[in-house]
Amino acid sequence: MPLKRTKTMNKNNHKDLDIPQEQGMDPLDHRVLARRLDLYHIEEDAPGMIYWHAAGWQIYRELEDYIRGRMRGLGYGEVRSPQLLPQSLWEASGHWEKFGENMFAVPAREEGGRDMALKPMSCPCHLQIFNSDLRSWRDLPMRIAEFGQCHRDEASGSMHGLMRTKAFEQDDAHVICDPGQVRGEVARFVELLKEVYAALGFADFEVALSLRPEKRAGNDADWDHAEQELLGAALSCGLDPKLQLGEGAFYGPKLEFALRDKKGRSWQCGTIQLDMVLPGRLGASYVGKDGAKHEPVMLHHAVLGSLGRFIGILLEHCEGRLPLWLAPVQVAVLPIGDDQRDAAVDVMDQLRAAGLRPALFDQSEGLGRRIVMVRDQLIPVQIVIGKLEVERGEVMLQIGGGKEALSPAAAIARMGELVGVPKG
């Protein structure tokens, strides 16, 4: 049935354009799950702009830190570039001609001033970082990563929860290298992508090679070389990409990776693009072994793409039951009665000191009702403390269908074993 939106006040007393009428909706839609778990909202007068709540931002930062660690381990230097940049930069790169109508422009306030625009992607900025110093062949490949804040003025009617927004952050990365280094860098990226997807519960993905579009920059000889090089790199990695005519970026061909979730739906997330255009347009060069100046090529890539969109995909794939390391609340602490509250608070302090994320459920409702509340919030672990547990200096640890009486230290150690961030 068509989605109907309702302009009602939610529990936090604000209008939320993204809250759909839940009657007849899939309860596992990420928008319904997000409301259930209090992850984010969208204001009526700011469509496509996400207001992350504490629980949602916790998921976001854990995912971001995981990717950050993986990129650091592969030798990427993390950078930060401005949000507001001269329109002239986007004209020089070619993005203004291609995407200008979807960019947020900020005209000069006075005559003779500089027209500006919010960035829709980070690639020109990373080339400017490369160009900020004299580079030699010894500096290549130069690997740059950024959780780039981007803005694109999409039509308001096309917005869909976390899946399509006007403001988003992506795990943007660029490798500026010699042409002979392309295949090795593509292989590194593909291996990273496989490991990350598997660690996040997506063992199955499809790959496509998107070829030159009708409107493009660069000459045909460079496009011929770029397409053959990227195809050869994919085949060397054991991939068998489907060819997509005319779907490449305006500056180069790209490999696109689409996840398959447990419902069999396909979600295009990862991409790596071979660019033989932008480095030249923005004046990038390095000194080769022969002492002469050479023009590098650039690989654009992202593993997850928009982090918000990926969280939406992951929520639906996991049906809201996120892996323990990503869960915003990892353990619910439930004293059976008021006499056990002090012991519960002490266990809460120990859990926090161990780096875990607990929540205390000491409401006036009976234990059974509070357990229902915990399950409704999809909290994966419970610690129950009753009179007997206090007398014995223990807690009752409940994970899944299992229960075990342990000392608080042993229960925390057990959780620490289970909560480890995946290594790939």
Tell me if a side-chain donor or acceptor on Asp139 pairs with a main-chain N or O of Ser136 at a distance below 3.5 Å. yes
Q: Please check if any side-chain donor atom of Lys119 sits under 3.5 Å from a side-chain acceptor atom of Ser81, or the reverse.
A: yes
- Chi angles and distances behind the salt bridge (Lys or Arg N to Asp or Glu O under 4.0 Å) call for Glu316, Lys263: CA-CA 9 Å; Glu316 295 189 5; Lys263 292 185 178 180; 5.6 Å; no
* To do: Give the C-alpha distance, both sets of side-chain angles, the deciding distance and a yes or no for side chain to side chain contact (heavy atoms under 4.5 Å, CB included) between Val303 and Phe257.
  => CA-CA 9 Å; Val303 177; Phe257 298 82; over 6 Å; no
Ser266 and Ala258 have their tightest heavy-atom pair at OG-CB, 3.3 Å
### Task
Run the salt-bridge test on Arg72 and Glu78 with the 4.0 Å N-O cut-off and return the result as yes or no.
no
**Study point:** Enclosure of Gln363 CD (heavy-atom neighbours >12, cutoff 6.0 Å)
**Key:** yes
Can you check whether Leu326's main-chain N or O pairs, donor with acceptor, with Tyr66's side chain at less than 3.5 Å?
no
Notebook entry, point to check: Distance only, no hydrogens: is a donor on one side chain within 3.5 Å (strictly under) of an acceptor on the other, for Asp261 and Trp267?
Noted result: yes
| message | Any carboxylate oxygen within less than 4.0 angstrom of a Lys/Arg side-chain nitrogen, looking at Glu256 and Lys254? | response | yes
So, do Trp90 and Met121 sit near enough that their side-chain heavy atoms are less than 4.5 Å apart? yes
Worksheet item: Taking C-beta and beyond as the side chain, do Arg183 and Ser236 meet within less than 4.5 Å on heavy atoms?
Response: yes
Shortest non-hydrogen pair, Ala332 vs Leu334, comes out as O-CD1, 3.6 Å
Side-chain heavy atoms of Leu406 within contact of Glu394, under 4.5 Å: no
Ring center gap for Tyr51 and His41 short of 6.0 angstrom: yes
Problem set entry | More than 12 heavy atoms from other groups under 6.0 Å of CG on Asp290 | yes
Quick one: does Arg375's side chain have a donor or acceptor within less than 3.5 Å of a partner on Val372's backbone? no
Would a distance-only check, ignoring hydrogens and angles, find a side-chain to backbone donor-acceptor pair under 3.5 Å from His151 to Lys166? no
When rounded to the nearest 0.5 Å, the distance separating CZ of Arg36 from CG of Leu28 is 8.0 Å
Check: Quick one: are Phe361 and Val374 in side-chain contact, heavy atoms under 4.5 Å?
Finding: yes
Check your understanding: With no hydrogens and no angle check, do the side chains of His95 and Glu97 hold a donor and an acceptor under 3.5 Å apart?
Key -> no
Residues Gln149, Phe168; criterion side chain to side chain contact (heavy atoms under 4.5 Å, CB included); working and verdict | CA-CA 6 Å; Gln149 288 280 355; Phe168 60 95; over 6 Å; no
Do the ring planes of Phe189 and His301 sit parallel (below 30°), tilted (30 to 60°) or perpendicular (above 60°)?
tilted
Could you walk me through whether Gln273 and Asp275 pass the side chain to side chain contact (heavy atoms under 4.5 Å, CB included) test, one step at a time?
CA-CA 6 Å; Gln273 306 161 13; Asp275 180 358; 5.9 Å; no
Problem - Short side-chain to backbone donor-acceptor contact, Glu227 and Arg212, under 3.5 Å - result: yes
Between the CZ atom in Arg143 and the CG atom in Leu299, the distance rounded to the nearest 0.5 Å is 10.5 Å
For Leu315 and Leu33, the nearest pair of non-hydrogen atoms, with its separation, is O-CD1, 3.5 Å
Ala284 and Pro296 have their tightest heavy-atom pair at O-CD, 3.4 Å
Separation between CE (Met163) and CD1 (Ile311), nearest 0.5 Å, reads 11.0 Å
CE of Met116 to CD of Gln87, rounded to nearest 0.5 Å, is 10.0 Å
Take a 6.0 Å sphere around CZ of Arg321 and say whether it holds more than 12 heavy atoms from other residues, nucleotides or ligands.
no
Sorted by chain and number, sequence neighbours left out, salt bridge (charged side-chain N to carboxylate O under 4.0 Å, His left out) with Glu247 holds for none
To the nearest 0.5 Å, atom CD of Glu64 lies from atom CG of Leu304 at 10.5 Å
Smallest heavy-atom separation, Met142 atom then Ile129 atom, equals CE-CG2, 4.3 Å
With distance as the sole criterion, is a donor-acceptor pair present between the side chains of Glu295 and Tyr286 under 3.5 Å?
no
Which of His126, His174, Gln170 passes side-chain hydrogen bond (donor to acceptor under 3.5 Å, both in side chains) with Glu146? Answer is His126
Is the shortest side-chain heavy-atom distance between Leu200 and Leu259 below 4.5 Å? no
Can a side-chain donor-acceptor contact be found between Arg281 and Ser93 if the only test is distance below 3.5 angstrom? no
**Prompt:** Should Pro82 and Leu84 count as side-chain neighbours, where that means a heavy-atom distance under 4.5 Å?
**Reply:** no
- Ignoring hydrogens and angles, tell me if any N or O in the side chain of Asp171 forms a donor-acceptor pair with the backbone of Ala302 under 3.5 Å. no
Problem - Parallel, tilted or perpendicular, as decided by the 30° and 60° cut-offs, for the rings of His300 and Tyr251 - result: parallel
Between Gly270 and Leu193, the two heavy atoms sitting closest are CA-CD1, 4.1 Å
Item checked: Charged N-O contact under 4.0 Å between Glu206 and Arg260 -> yes
Determine yes or no for a side-chain-to-main-chain donor-acceptor pair under 3.5 angstrom, with His317 supplying the side chain and Gly201 the backbone.
yes
The reported gap from CG in Leu118 to CZ in Arg152 (rounded to nearest 0.5 angstrom) is 12.5 Å
task: Show your working on side chain to side chain contact (heavy atoms under 4.5 Å, CB included) between Leu39 and Trp57 and close with a plain yes or no.
output: CA-CA 7 Å; Leu39 302 185; Trp57 193 240; over 6 Å; no
>> Here's one to test your reading of the geometry: is the NZ or CZ of Arg135 within 45 degrees of the ring axis of Phe130 and under 6.0 Å from its centre?
In response: yes
*asked:* Counting only heavy atoms from other residues, nucleotides and ligands, does the tally under 6.0 Å from CZ of Arg114 exceed 12?
replied: no
Answer with yes or no whether the side chains of Gln350 and Asp346 bring together a donor and an acceptor at under 3.5 Å. yes
Side chains of Arg309 and Thr165: closer than 4.5 Å at any heavy-atom pair?
no
task: Indicate yes or no: does Glu195 engage Arg70 in a salt bridge with an N to O separation below 4.0 Å.
output: yes
How about Lys262: does its NZ atom have over 12 heavy atoms from other parts shown lying under 6.0 Å from it? yes
Hey, does Ser306 have a side-chain heavy atom less than 4.5 Å from the side chain of Glu169?
no
Paired with Ile144, the side-chain contact (heavy atoms from CB on, under 4.5 Å) test is passed by just one of Val79, Asp172, Val175, Leu127, namely Val79
Salt bridge (charged side-chain N to carboxylate O under 4.0 Å, His left out) filter on Asp133, not counting sequence neighbours, yields none
Between the main-chain N or O of Trp325 and the side-chain N or O of Arg357, is there a donor-acceptor pair closer than 3.5 Å?
yes
